[in-house]
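Inspection log for the structure reproduced underneath, given as C-alpha cells.
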Amino acid sequence: MAEKTNTGLVAYAKAQVGNPYWYGTYGQVATESLYNSKKKQYASTGYYTKWNDYSEQYGKRVHDCVGLIKGYLWSDSPTSVPKYVRSQDKSASGMYSAATEKGNISTFPETSGILLFKGDSASKIHHVGIYSDDGYVYEAKGHEYGVVKTKYKASEWDYWAQCPYCVNDVEAYTEETSTAETVAATVATVTEKKATESAKAYDRSLAGTYVVTGNLNMRNGAGTGKSILTVLPKGTKVQNYGYYTMLNSVRWFSVQVTVDDVKYTGFCCGTYLRKQ
C-alpha cells in the first residue's frame with residue numbers, strides 16, 4: 001500500500017461526501033450482511049435499531065467519524081475494499097492519544113490534512129474531522145447527516161493533531177511557498193490570482209521548475225472547459241510543488257508564476273510543460 005499523506009487523506013474525505021454514516025464502519029460497502037453484523041456487534045448501543053433507513057443505503061460506502069480516517073489508511077483508493085490493520089484501529093480519542101504532534105485548538109496550525117477533535121478534555125474526545133485548506137472540515141457527522149463538509153469557522157473544535165499514520169506532505173509545500181512569498185515581498189507588491197479548484201493528487205518527485213513549450217492557457221481548474229486566468233508565452237518558467245489532477249489520462253499541473261507583478265496559481269496541461 002502506498003505511503004499515506006495529508007493530501008491523500010483530504011482527497012479521500014472529499015470523495016466520500018454524501019455517503020452515509022454507519023457506526024463502527026471504515027469504508028465498507030453497506031449490505032444486509034454488514035448491517036446484521038454491526039447490529040449484533042453494537043446491540044448495547046441501540047444504534048442499529050434507532051433508524052429504519054439502513055436498507056435504503058445498501059450499496060454505498062459507509063464510515064463513522066474516525067472510520068473516515070481509517071478508510072483512507074486501509075484503502076488503496078476512495079472506492080477500493082479496505083484492509084483491516086489492527087495496530088491502527090483507534091477510536092477518535094485513541095487517534096489523538098497516538099499522535100505526537102497535537103494540541104489545543106488555540107495552537108492549530110491550519111495545515112491541510114490535520115485532524116480536528118471535539119471533546120470535554122484531551123482524554124474525553126468523542127468526534128474527529130479532517131481540515132482542508134479550502135476552509136472546510138470533512139467529517140462523518142452522524143446518521144442524520146452522513147459524510148459532510150462544514151465551514152471550519154461554523155463549528156467549535158477543541159483539539160488538533162497530525163494523523164499519526166500519515167506523512168505531512170503539505171508542510172514542505174508551505175515552507176517553499178512562504179520563502180517565495182518573502183522574497184517577492186522584498187521586490188514588489190504582488191497581486192495574487194488563484195484558481196478556485198484544488199489539486200487532487202500529490203507526487204513529490206514531480207516538484208520542480210517547468211518551461212512552457214508553447215503559448216499556454218493557465219486555467220481555473222483541470223480541463224479545457226475551465227476559465228482562463230492568463231496566457232503564458234512560450235518559454236515562461238513556472239513552479240510546481242508536486243500537486244496535480246489527472247483528467248482523461250492527462251496530468252494537469254498546479255503551477256505558480258509571477259507575471260507583471262501578479263502572482264498566478266492555476267492549472268496547466270502537462271503536455272505543454274517541460275521539466276528543467
Side-chain angles (χ1 to χ4, degrees), residues 1-19 25-29 61-85 87-90 92 95-96 98-102 108-117 128-140 147-150 152 160-177 195 197-208 221-222 240-247 249-255 265 267 270:
M1 191 173 291
E3 181 180 61
K4 296 300 179 176
T5 65
N6 282 25
T7 301
L9 177 59
V10 171
Y12 179 90
K14 287 182 177 182
Q16 307 309 319
V17 171
N19 280 334
T25 61
Y26 46 83
Q28 304 101 311
V29 173
R61 196 173 177 93
V62 290
H63 309 76
D64 66 9
C65 70
V66 73
L68 189 59
I69 300 161
K70 292 185 283 193
Y72 168 63
L73 296 175
W74 301 344
S75 304
D76 292 323
S77 76
T79 58
S80 64
V81 177
K83 300 172 184 176
Y84 179 78
V85 180
S87 63
Q88 298 177 347
D89 190 4
K90 308 289 186 183
M95 196 68 73
Y96 182 82
T100 56
E101 299 176 56
K102 57 189 175 183
F108 175 44
E110 296 192 29
T111 300
S112 194
I114 290 290
L115 307 183
L116 296 175
F117 299 87
V128 61
I130 302 159
Y131 178 77
S132 171
D133 59 7
D134 59 6
Y136 284 93
V137 178
Y138 293 81
E139 55 183 318
V147 181
V148 298
K149 68 174 187 176
T150 54
Y152 167 62
W160 67 271
Q162 167 64 33
C163 178
Y165 309 112
C166 288
V167 174
N168 184 356
D169 60 327
V170 180
E171 198 166 56
Y173 172 75
T174 303
E175 290 172 354
E176 290 179 59
T177 53
E197 185 173 295
S198 299
K200 297 180 178 175
Y202 174 82
D203 184 343
R204 187 184 296 273
S205 68
L206 296 174
N240 171 264
Y241 296 98
Y243 292 87
Y244 67 97
T245 295
M246 290 298 296
L247 182 66
S249 300
V250 175
R251 185 180 284 118
W252 285 74
F253 287 92
S254 174
V255 301
T265 303
F267 287 80

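Index from 1, following the sequence. This one's a predicted model, so the numbers in the text were calculated from it and none came from an experiment.
Taking the ring axis of Tyr165 as reference, the NZ or CZ atom of Lys4 does not stay both within 45° of it and closer than 6.0 Å to the ring centre.
In terms of modelled atom types and a separation under 3.5 Å, the side chain of Ser77 and the main chain of Thr79 share a donor-acceptor contact. Judged by distance alone, with hydrogens and angles left aside, the side-chain atoms of Gln16 form a donor-acceptor pair with the main-chain N or O of Pro78 at under 3.5 Å. Listed for the Thr5 side chain is a donor-acceptor partner under 3.5 Å among the backbone atoms of Gly8.
Scanning all heavy atoms of the two residues, the minimum distance from Thr111 to Tyr131 falls at O-CD2, 3.4 Å. Shown here for Ser112 and Asp133, the closest heavy-atom pair between the two residues is OG-N, 3.3 Å. Considering all non-hydrogen atoms of both residues, Ala161 and Ala99 come closest at CB-CB, 3.7 Å. Of all heavy-atom pairs between Leu73 and Cys166, the closest is CD2-SG, 3.8 Å. Heavy-atom minimum distance, Met95 versus Lys70: CE-CG, 4.3 Å. Residue Ser254 comes nearest to Thr265 through the heavy atom pair OG-CG2, 4.3 Å, listed as atom of the first residue, atom of the second, then distance.
In this structure, Leu206 and Tyr243 have side chains that are not in contact, with every pair of non-hydrogen atoms separated by 4.5 Å or more. The shortest side-chain heavy-atom distance between Met246 and Val250 does not fall under the 4.5 Å cut-off. You'll find the side chain of Ile130 reaches within 4.5 Å of the side chain of Leu9, heavy atoms only. Contact check for Asp76 versus Lys83: side-chain heavy atoms found under the 4.5 Å cut-off. Residues Val137 and Ser132 are not in side-chain contact: their nearest non-hydrogen atoms beyond the backbone lie 4.5 Å or more apart. The closest side-chain heavy-atom distance from Phe267 to Thr245 is below 4.5 Å. Here the side chains of Tyr244 and Asp203 are in contact, with some heavy-atom distance below 4.5 Å.
Distance OH/Tyr202 to CD/Glu3: 9.0 Å, rounded to 0.5 Å.
In this structure, His63 has its ring center under 6.0 Å from that of Tyr12. For Tyr152 and Phe108, the gap between ring centers is short of 6.0 Å. Taking the ring centroids of Tyr26 and Trp74, they lie under the 6.0 Å cut-off.
Counting non-hydrogen atoms of other residues, nucleotides and ligands closer than 6.0 Å to NZ of Lys102 gives a total above 12.
No salt bridge links Asp169 with Arg204; every basic N to acidic carboxylate O contact stays at or beyond 4.0 Å. Comment: Lys149 does not engage Asp134 in a salt bridge, judged by the lack of any side-chain N to carboxylate O separation of less than 4.0 angstrom.
Between Arg61 and Ser80, the side chains place no donor N or O within less than 3.5 Å of an acceptor N or O (distance only, hydrogens not considered). Counting only N and O atoms by type, the side chains of Asp89 and Tyr84 include a donor and acceptor under 3.5 Å apart. Counting only N and O atoms by type, the side chains of Asn6 and Gln162 include a donor and acceptor under 3.5 Å apart. Counted by atom type alone, Thr150 and Glu139 present one or more donor-acceptor pairs between their side chains at under 3.5 Å.
Using a 30° and 60° split on the angle between ring planes, Tyr96 and Phe117 fall in the perpendicular class, above 60°.
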Check against side chain to side chain contact (heavy atoms under 4.5 Å, CB included), Asn19 and Val62: CA-CA 6 Å; Asn19 280 334; Val62 290; over 6 Å; no
